[in-house]
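One structure below.
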Amino acid sequence: MSLVAGDPLPGLRRLRFAPSPTGQLHIGNVRTALLSYCLTGTEGRFLIRIEDTDRERYIPEAVSGYLGTLAWLGLHWDEGPDIGGPCAPYTESERLEYYAEVASQLLDVGAAYRCFCSKERLEELRAAQKAAGQPTRYDRRCWRMTASEVEKEVDQGAEQVIRLLMPEGKSSWKDLVLGPQEFQNAEIDDQVLIKSDGFPTYHLAQVVDDHMMGITHVIRGVEWVPSTPKHLAVYSALGWAPPHFAHVPLVLGADHKRLAKRHGSGAVADYRAMGYLPEALANLIAFLGWSPGTEEEIFTLSELRTRMSFDRLQASPAVFDQQRLDHLNGVWIRRIPAADLASRLREFLPEADDPQLAQIAAMVQERIHRLDEVPDLVRFAFANPHPKSEELTGKLDPHIAQEFLERASALLDKGTGYLMEGLKSAAAATAPEDPQGAKRHVRECMQVVRVAITGQRVSPPLPESIDLIGIDVAKARLAEAMAVIAASV
RNA sequence: GCCCGCAUCGUCUAGCGGUCAGGACACCACCCUUUCAAGGUGGUAACCGGGGUUCGACUCCCCGUGCGGGUACCA
């Protein structure tokens, strides 16, 4: 086995997204993934790695869900657990031997030590330190054990972990987002690298894998800033060159708290179900902490990939605004071809056939913000609405409504082409003198027909709606409406 | 408690010593209009506070405040 850095394409950027399969991909995760994907650029390689080293929180089904979400967003990867690649395997639980090997190297050079302390002792230690107002850190008791004492413990099969011996001095790096960072190593705990179950912690696995996979830039959330010195210590002890680090700020909810489940649906899969387009979501997420520096605001993923750069990444946290997402989604719905919209509508309208989908797409494209608005908007096409008399007439005199419906039915004999003009002049003929009243009267008349046809006061335009259900059905609905009104007079 | 970071309209942001502090979402008004949208025009709305540095600070420095992150055999 070799621990040489995998760098199959020297000089090119290699970025990774390395989620932990513990649930569902949330906006925050996906933001990191999107930034990594975009900052990989068109020349580099983007890879996915599964960090499944926490066996207690591990959810096996999560992996395929993650990959599905990433693919839906269009974040295509060049190497990953499903497609393999030169640095396979891309799942950490399958790379245990590497971590064990590195851990023993660290032990050999004295950069790490075995620790046999029980969890109870560690808890007591922490509690005491906290009570004394001290930072909570491991007291290195096991580090002071002699070789023979350690040997004895090992021989007895005592439960052990391997801890990093945090070196003296300072750790510093030039963060691509936050700028120069410096920490006093004395303030940093001796991190556990190998847990008692033999699995590595993130801190070891991540360093080993990023090195072996030739990762050039690590993009992660700011919650990792305080542990970066630990990672730097491991790189240094092994004589490995660390990658560039870019710590991006958290995504916040409307209450300015870290975006989480309590904000409703933070899971990306839920946004898909609500009828948001991946284009819109990616567009919005990209602007959380980044902007092109111009007044452009609509970008495709591939445009983002060519335009995005580290130096325009912002260090301040951003609030995820669903109203803005609604707007952007409307923009994107209007931007894609109607045929494309039709096929995306399919999962929201399983009862519609392809020709219907095409008609529906054309008539809703300009008026929706989310795909899930469509079923309500076109419900009339799949079920007879049977509106009640008062819903039909509204504020209109029933006799006038009646007459108007009759007129509409007659006009339909000639198709829907001249329907609106005919209706308008018919309505105008019975309108009162004053201009305001006339306007209202015409509107009310039109509404009678709309309700008769669709059962709704808000619907897509009438001619298209009628074309969707067919003239015969429309005429039947008009006849029914007239009968309903007649019965109630 | 200790360590670290952040701070421009309600929100996303532009700004990188001299601007009427720009754009977008949302909101309001008007126009267009068969409803709802879309579109058009206009409007309300911001540099957290205090000290410096400077001829001049939203921009640079310090302090305060607020918000956030970390402080695990979780990532």
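The chains referred to below are lettered A, B, ... by the order of the sequence lines, with proteins before strands, and numbering in each begins at 1. Note that this is a predicted model, so its numbers are computed, not measured. No hydrogens, no waters, no symmetry mates; every other heavy atom, side chains included, goes into these values.
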What is the distance, rounded to the nearest whole Å, between atom [atom1] of [X] and atom [atom2] of [N]?
| X | N | atom1 | atom2 | result |
| --- | --- | --- | --- | --- |
| Arg220(A) | A75(B) | CZ | C1' | 11 Å |
| Glu223(A) | G69(B) | CD | P | 9 Å |
| Met308(A) | U13(B) | CE | C1' | 14 Å |
| Gln184(A) | C3(B) | CD | P | 11 Å |
| Phe245(A) | G5(B) | CZ | P | 17 Å |
| Glu464(A) | A37(B) | CD | P | 17 Å |

What contact category does [X] fall into here, base, sugar-phosphate, or nothing, at under 4.0 angstrom with non-hydrogen atoms?
| X | result |
| --- | --- |
| Arg137(A) | nothing |
| Pro249(A) | nothing |
| Arg312(A) | sugar-phosphate |
| Glu51(A) | sugar-phosphate |
| Gln206(A) | nothing |
| Thr454(A) | nothing |
| Gly330(A) | nothing |
| Val192(A) | sugar-phosphate |
| Ser459(A) | base |
| Pro135(A) | base |
| His369(A) | sugar-phosphate |

Quick one: which of [options] gets closest to the side chain of [X]?
| X | options | result |
| --- | --- | --- |
| Lys119(A) | A75(B), C73(B), A38(B) | C73(B) |
| Leu288(A) | C12(B), C36(B), A72(B) | C12(B) |
| Gln323(A) | U34(B), C25(B), A75(B) | C25(B) |
| Arg57(A) | U13(B), G69(B), A75(B) | A75(B) |
| Arg443(A) | G5(B), U35(B), A75(B) | U35(B) |
| Pro463(A) | G10(B), U34(B), C73(B) | U34(B) |
| Ser196(A) | C73(B), C36(B), U11(B) | C73(B) |
| Arg258(A) | A38(B), G69(B), U35(B) | G69(B) |
| Val319(A) | C12(B), C6(B), A75(B) | C12(B) |
| Leu178(A) | G5(B), A7(B), G70(B) | G5(B) |

Would you please confirm or rule out a distance under 4.0 Å between OP1 or OP2 of [N] and any side-chain N or O of [X]?
| X | N | answer |
| --- | --- | --- |
| Arg440(A) | U35(B) | no |
| Thr201(A) | A75(B) | no |
| His256(A) | U11(B) | yes |
| Lys424(A) | U33(B) | no |
| Arg324(A) | A26(B) | no |
| Thr53(A) | A75(B) | yes |
| Lys130(A) | G1(B) | no |
| Gln191(A) | U71(B) | no |

Side-chain donor-acceptor pair present, [X], [Y], cut-off under 3.5 Å:
| X | Y | answer |
| --- | --- | --- |
| Asp209(A) | Tyr99(A) | yes |
| Glu296(A) | Thr294(A) | yes |
| Gln129(A) | Tyr138(A) | no |
| Trp143(A) | Asp190(A) | no |

For Ala401(A) against Ile485(A), the heavy-atom pair lying closest together: CB-CD1, 4.2 Å
For Trp290(A) against Ala286(A), the heavy-atom pair lying closest together: CB-O, 3.1 Å
Gln156(A) atom CD: more than 12 heavy-atom contacts under 6.0 Å: yes
Watson-Crick/G-U partner (both atom distances under 3.5 Å) of [N]:
| N | answer |
| --- | --- |
| A7(B) | U65(B) |
| C27(B) | G43(B) |
| C2(B) | G70(B) |
| U53(B) | none |

Whichever of Gln181(A) and Gly293(A) has its nearest RNA chain B nucleotide further upstream toward 5': Gln181(A)
5' precedence on RNA chain B between Asp189(A) and Trp290(A) (nearest-nucleotide basis): Trp290(A)
Distance, [atom1] atom - from [M] to [N], rounded to whole angstrom:
| N | M | atom1 | value |
| --- | --- | --- | --- |
| A21(B) | A45(B) | C1' | 13 Å |
| U44(B) | C2(B) | C1' | 45 Å |
| A14(B) | U54(B) | P | 30 Å |

Residue pair Val161(A) / Cys115(A), side-chain heavy-atom distance below 4.5 Å: yes
Any Phe199(A) side-chain heavy atom under 4.5 Å of Ser93(A) side chain: yes
